[in-house]
Amino acid sequence: MKRHTIRLMLVDDHALVRSGVRSLLELHDSTSVKLDVVAEAGSAEEALQLAEAQTPDVVLLDLSLPGRSGIEALADLRLALPEARFVALSMHEDPEYVQRFLDGGGSGYVPKTSLETELVDAILAVDRGEYYVPARLLAQLSRALANPDPRRTAQLTERERDVVKGIATGFTYREIAAELSLSEKTVATYRERASEKLGVRSRAELVRWALERGLV
């Protein structure tokens with residue numbers, strides 16, 4: 001019986017991680033499925049450049065990428081690869097990340113602390129058109145949805161997130177304004193709106209929120 005081949009793209013800014021995942025997947029021994037890594041990328045931009053030429057079936061996407069994060073790049077990658085399925089391979093186990101990735105069109109979520117078999121299970125599941133989230137994360141997600149924290153569920157606009165990211169990175173209002181082509185007064189307004197939505201008052205709390213969500 002001919003084996004079904006699943007074409008994979010690995011998107012992670014750490015070459016050692018990509019190498020380890022590639023080795024793991026290529027060692028997968030199955031009489032019915034072959035896992036074939038056809039492309040590797042170190043950033044979302046590089047993945048977009050490779051997408052059309054390689055047309056992978058499944059993309060393993062790190063969320064903490066240089067430049068645009070995996071979640072931010074997901075929409076563009078889905079447009080470039082409309083037939084592909086996307087699995088987050090992430091260090092983050094916060095239910096908010098899981099929810100945002102799935103809401104953005106992802107099909108699976110695998111923490112980097114997972115067992116090797118979980119990653120393979122995720123790939124096989126999404127290739128069948130199913131969704132995959134490890135049981136322990138699914139339980140956390142269910143609890144988070146049942147008992148929402150306003151600071152976690154607040155929806156910031158893109159500009160508000162940009163300003164919060166700039167503040168958490170240590171930029172001044174003037175530097176953020178120059179980067180975003182805004183006035184300093186407008187930057188201050190975005191900061192005030194974000195703080196109000198998140199229920200935080202101090203700069204330290206705003207920075208902690210951004211760090212917990214991998215914005216910096």
Side-chain angles (χ1 to χ4, degrees), residues 11-14 42-48 61-80 86-113 133 137-216:
V11 186
D12 194 294
D13 59 324
H14 294 97
S43 66
E45 288 71 21
E46 188 179 354
L48 285 167
L61 182 62
D62 183 19
L63 300 188
S64 300
L65 295 169
R68 286 193 297 170
S69 72
I71 290 178
E72 292 171 336
L74 183 57
D76 287 340
L77 287 169
R78 290 183 64 212
L79 285 175
F86 294 84
V87 176
L89 185 57
S90 175
M91 62 180 285
H92 301 291
E93 300 191 25
D94 189 319
E96 181 185 353
Y97 280 90
V98 181
Q99 189 65 56
R100 286 183 62 199
F101 189 75
L102 297 180
D103 287 346
S107 298
Y109 198 102
V110 180
K112 288 185 176 179
T113 55
V133 177
L137 276 189
L138 201 56
Q140 293 177 28
L141 184 59
S142 297
R143 288 195 295 270
L145 291 174
N147 302 285
D149 179 341
R151 291 187 300 174
R152 291 181 178 273
T153 57
Q155 296 298 310
L156 301 187
T157 66
E158 182 177 354
R159 271 290 179 252
E160 288 167 352
R161 292 180 71 86
D162 287 341
V163 168
V164 171
K165 180 178 179 178
I167 291 171
T169 304
F171 293 150
T172 65
Y173 280 6
R174 177 175 296 181
E175 291 170 328
I176 295 171
E179 177 68 21
L180 301 179
S181 299
L182 302 171
S183 69
E184 291 183 52
K185 183 178 180 180
T186 300
V187 169
T189 298
Y190 280 130
R191 184 258 171 90
E192 290 172 4
R193 289 177 182 173
S195 296
E196 183 177 351
K197 287 181 179 180
L198 299 175
V200 301
R201 295 183 178 181
S202 69
R203 182 188 183 97
E205 288 179 305
L206 201 61
V207 170
R208 184 168 66 248
W209 184 91
L211 290 172
E212 288 175 349
R213 283 145 189 83
L215 292 185
V216 291

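Just so you know, these numbers use all the heavy atoms, side chains as well, and skip hydrogens, waters and symmetry mates.
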Which heavy-atom pair separates [X] from [Y] by the least distance, and what is that distance?
X      : Y      : value
Tyr173 : Ala188 : CE2-CB, 3.7 Å
Lys197 : Thr157 : NZ-CG2, 4.0 Å
Leu89  : Pro111 : CD1-O, 4.5 Å
Val164 : Ala194 : CG2-CB, 3.7 Å
Ser43  : Glu46  : OG-N, 3.1 Å
Glu175 : Gly170 : OE1-O, 4.4 Å

Enclosure of [X] [atom1] (heavy-atom neighbours >12, cutoff 6.0 Å):
X      : atom1 : answer
Glu184 : CD    : yes
Phe171 : CZ    : no
Glu179 : CD    : no

Practice problem: Mind running side-chain contact (heavy atoms from CB on, under 4.5 Å) on Ile176 and Tyr190 for me, showing each step along the way? | Solution: CA-CA 11 Å; Ile176 295 171; Tyr190 280 130; over 6 Å; no
How far does [atom1] of [X] sit from [atom2] of [Y], to the nearest 0.5 angstrom?
X     : Y     : atom1 : atom2 : answer
Ser69 : His92 : OG    : NE2   : 8.5 Å
Leu61 : Asp12 : CG    : CG    : 9.0 Å
Leu79 : Leu48 : CG    : CG    : 9.5 Å

Practice problem: Show the numbers, then the answer: is there a side-chain contact (heavy atoms from CB on, under 4.5 Å) between Val11 and Leu77? | Solution: CA-CA 11 Å; Val11 186; Leu77 287 169; 5.7 Å; no
Quiz item: If we only count heavy atoms from C-beta on, is the Val133 to Leu102 side-chain gap below 4.5 Å?
Solution: yes
Quiz item: Hey, does Glu72 have a side-chain heavy atom less than 4.5 Å from the side chain of Leu65?
Solution: no
Quiz item: Is Asp162 salt-bridged to Arg159, cutoff N-O under 4.0 Å?
Solution: yes
Quiz item: Just by modelled atom types, is the Gly104 backbone N or O under 3.5 Å from a matching donor or acceptor in the Arg78 side chain?
Solution: yes
Exercise. Please lay out, stage by stage, how Leu63 and Tyr109 fare under the test side-chain contact (heavy atoms from CB on, under 4.5 Å).
Key: CA-CA 10 Å; Leu63 300 188; Tyr109 198 102; 3.6 Å; yes
